[in-house]
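For reference, the structure discussed in these notes is given below.
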Amino acid sequence: MKRVIFVLGIVFVFACSKTTETSSTNVQPNPSVNQPIPVPKYINNNFTISGFSIPNITGAQIQTGVNGSISGTILYSKDNVLNLVIPATLFFTTPLIPAIHLIKSNNSWQFENSYNDGAMGCARNYECIDSSNQTWVYADHGFELSSGTWPFGNMMLMKTVGNKLSFNTISINRSFYHSISTGDLNNDGLNDVVGLHMGTKGDWGDNLHTYLQNKDGTFSENRKILVSNLIAGRGAGAVLIKDLFGDSRPEVIKADYGFNSTFQKQSDRYSFMIFSYNNSTNKYELSKDPGALGVYATNDRGTTSIKAADFNKDGALDLAIATEGTNFNGIEIWINDGKGNFTPSNQKLEYTFEQLQFREFEVFDYNKDGYPDIFLNPWSGKLFKDGNAILMDNLIWKNTGGTFGSITKGITIPDINPTFMKVFFVNNQITYVGVKGNLDGSITLNEINPNY
């Protein structure tokens, strides 16, 4: 039994200089600091968690253990109580590590429990299916054996019951789930789930796996309502369910993923497809294909996540799509003309791996000006460090009147591990959480509340 130490950062209010925005096609690193920022202070809380070995905490191999857990970490509030759920990532070895649940009471984090039924190979992506009861769905893409094979993972449901959690498996068969989204597909008032299986193996020829919610809260597999395997061999990296057209049913968006020799011909590439409900056939069928490739014109680009928001405040939902490639991470804004026709804009955020790596991002209007902003969830890279400090400015892509640009407030956080940081907007407060396993078997949890 190891004693696990969580190091928590208190709320930090930074002295900041005037904000300036720039508008350019490709936002470049901004390493300047306008003025010195006070050094944050930390407080220590001690916890004892059974069943955790030092290799599981520190990561015996790259991206394993608690060190890789931030991709699936969730911070949320229920009944005025803050909850932090940390499902560990274990890419290369077994057994899997239980999910950790912390509760904030009296302004201090307390260990609630660890859950064996919440252990996942990699909690790659998640979405809230019921915000009032704080119920979430996870896409677990499984763990990789040393032989390089993938046993695959599950689509999982996490419920918050009082101060406790419960985990249940939604999917029938294991697959390489890379993305997940929710929405009421059959118009019965209950949110359903679509998980994106990233690969060609598994029991479905299609890479979108649909499960409809029953009245008792369980889920049933449905292979007929969504017809998305239109072109054999086309890959997919992310899925999003969203009502793009303002009608009675949401749409299902499936975005492409590269890194496949069969996609080297430009004619084989696509950006994303939109599937809408057809009242005549009672199925979701292809309704929109942008045609334009945008960032996908480069053959190795692959989608990692999608978000929908009205970025230019014209009443129509636009799309922000994150992609990765050879030494490349980026986000491209696709503008909706109001009729569901999307065009790639010249607004792009692009970083090299040496600068910053991210696969997921969040969208929220932090300054309440009506224009949603984009916050990155970095998991590697230098984050444009100056010595041991990281420049938080590079983690926000600010939207000013529909035009995105960098900020130059000079907010720096010294002496913390910048890897695996996750941003949340809870109770109208921006909170970055970072998780790191230590060689003594402790966990360092960096909690940062920068005042942008």
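All figures in this text were calculated on a predicted structure; none of them were measured in a lab. Residues take their numbers from the sequence shown, with the count starting at 1.
Using modelled atom types, one finds no donor on one side chain facing an acceptor on the other under 3.5 Å when comparing Y371 with D310. Under the 3.5 Å distance criterion, with hydrogens and angles disregarded, no donor-acceptor pair is assigned to the side chains of N133 and K159. Side-chain contact, H178 with N125: no donor N or O sits under 3.5 Å from an acceptor N or O. Side-chain N/O atoms of D130 and S132 include a donor and acceptor closer than 3.5 Å. When only modelled atom types and interatomic distance are considered, Q347 and W397 share no side-chain donor-acceptor pair under 3.5 Å. A donor-acceptor contact closer than 3.5 angstrom links the side chains of E127 and T182. Side chains of Y126 and E360: no donor on one and acceptor on the other come within 3.5 Å. Residues Q213 and D192 bring no donor and acceptor atom of their side chains to less than 3.5 Å of each other. With 3.5 Å as the limit, one finds a donor-acceptor pair spanning the side chains of N214 and S220.
Just one of N222, T210, L190 meets the side chain to side chain contact (heavy atoms under 4.5 Å, CB included) condition when paired with L185; it is T210. Between L196 and the options K254, H209, R124, a side chain to side chain contact (heavy atoms under 4.5 Å, CB included) holds for only K254. Across F358, F424, Y366, a single residue satisfies ring-ring contact (aromatic ring centres under 6.0 Å, His included) together with F375, and that is Y366.
You'll find the side chain of L349 reaches within 4.5 Å of the side chain of L376, heavy atoms only. In this structure, S171 and Y211 have side chains that are in contact, with non-hydrogen atoms separated by less than 4.5 Å. The closest side-chain heavy-atom distance from M120 to Y138 is below 4.5 Å. Between L157 and W136 there is no side-chain heavy-atom pair separated by less than 4.5 Å. Looking only at side-chain heavy atoms (C-beta outward), F245 and I274 come within less than 4.5 Å of each other. Side-chain contact between T431 and E447: present, with at least one pair of heavy atoms (C-beta onward) separated by less than 4.5 Å. Counting heavy atoms from C-beta on, the side chains of L165 and T160 come closer than 4.5 Å. At least one side-chain heavy atom of Q357 sits less than 4.5 Å from a side-chain heavy atom of N329.
Ring-plane geometry between F364 and F425 is classed as parallel, the angle between the planes falling under 30 degrees on a 0 to 90 degree scale with a further cut at 60. Between Y115 and H101, the ring planes lie tilted relative to each other; the angle falls in the 30° to 60° range.
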Under the criterion side chain to side chain contact (heavy atoms under 4.5 Å, CB included), I'd like the reasoning laid out for V193 against I129: C-alpha separation, chi angles, the key distance, then a yes or no. CA-CA 8 Å; V193 178; I129 192 172; 3.8 Å; yes

Could you walk me through whether F328 and Y351 pass the side chain to side chain contact (heavy atoms under 4.5 Å, CB included) check? CA-CA 6 Å; F328 172 87; Y351 290 137; over 6 Å; no

Take K242 and E251 through the test salt bridge (Lys or Arg N to Asp or Glu O under 4.0 Å) and record every step on the way to the result. CA-CA 5 Å; K242 202 75 174 180; E251 278 63 50; over 6 Å; no

Any chance you could lay out the side chain to side chain contact (heavy atoms under 4.5 Å, CB included) test for E112 and K164, step after step, and finish with the verdict? CA-CA 8 Å; E112 185 274 317; K164 304 292 183 180; 2.9 Å; yes

Show your working on side chain to side chain contact (heavy atoms under 4.5 Å, CB included) between I321 and F272 and close with a plain yes or no. CA-CA 10 Å; I321 303 180; F272 56 89; 3.6 Å; yes

Should Y277 and N186 be marked as a side chain to side chain donor-acceptor pair (under 3.5 Å) after you check the CA-CA gap, both sets of side-chain angles, and the distance that decides it? CA-CA 9 Å; Y277 188 76; N186 58 352; over 6 Å; no

Could you please spell out the steps behind the side chain to side chain donor-acceptor pair (under 3.5 Å) verdict for K288 and N341? CA-CA 7 Å; K288 295 283 185 179; N341 301 309; 3.0 Å; yes

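The minimum heavy-atom distance linking V363 with A309 is given by the pair CG1-CB, 4.0 Å. Counting all heavy atoms, side chain and backbone alike, I306 lies closest to L319 at CG2-CD2, 4.2 Å. The minimum heavy-atom distance between A308 and L244, with the atom names listed, is CB-CD2, 4.5 Å. Shortest non-hydrogen contact noted between D184 and R249 is O-CD, 4.5 Å. Here the closest heavy-atom approach between residue L286 and residue F275 is recorded as N-CD2, 3.4 Å. Here the closest heavy-atom approach between residue L75 and residue W109 is recorded as CD1-CH2, 3.6 Å.
The OG atom of S179 lies 10.0 Å from the CE atom of M155; values are rounded to the nearest 0.5 Å. Expressed to the nearest 0.5 Å, how far CE of M273 lies from CG of L208 amounts to 10.0 Å. For the atom pair CD1 of I396 and CZ of F361, the computed distance is 14.0 Å after rounding to the nearest 0.5 Å. Taking OG1 of T400 as the reference point, atom CG of D369 lies at 7.0 Å (rounded to 0.5 Å). Here C128 contributes atom SG and Y76 contributes atom OH; the two are 9.5 Å apart, rounded to the nearest 0.5 Å. Here CE of M198 is found 13.5 Å from OG of S175. Values are rounded to the nearest 0.5 Å.
When the shell of 6.0 Å around CG of N106 is examined, it contains 12 or fewer heavy atoms from other residues, nucleotides or ligands.
Between the side chain of N427 and the backbone N or O of Q429, no donor-acceptor pair lies under 3.5 Å. Using modelled atom types, one side-chain atom of D140 and one backbone atom of G121 make a donor-acceptor pair closer than 3.5 Å. Judged by distance alone, the side chain of S181 and the main-chain N or O of L240 form no donor-acceptor pair under 3.5 Å. Remark: the backbone N or O of I100 is not paired with any side-chain donor or acceptor of S114 at under 3.5 angstrom. Side chain of S271 to main chain of A292: a donor-acceptor pair is present (N/O by atom type, distance under 3.5 Å, no hydrogens or angles). With N207 contributing its side chain and H197 its backbone, the two residues share no donor-acceptor pair below 3.5 Å. Put simply, the side chain of N83 never gets that close to the backbone of L102: no donor and acceptor are under 3.5 Å apart. Using a distance-only test at 3.5 Å, with no hydrogens or angles considered, a donor-acceptor pair links the side chain of N399 to the main chain of P372. Between the T303 side chain and the G237 main chain, no donor and acceptor come within less than 3.5 Å of each other. Under a 3.5 Å cut-off, the side chain of N336 and the backbone N or O of G338 do form a donor-acceptor pair.
Between H141 and Y177, the distance from one ring center to the other does not fall under 6.0 angstrom. Taking the six-membered ring for Trp and the full ring otherwise, the centers of F311 and F404 sit less than 6.0 Å from each other.
Geometrically, R301 does not engage Y296 in a cation-pi contact, judged by NZ or CZ lying under 6.0 Å from the ring centre and within 45° of the ring axis.
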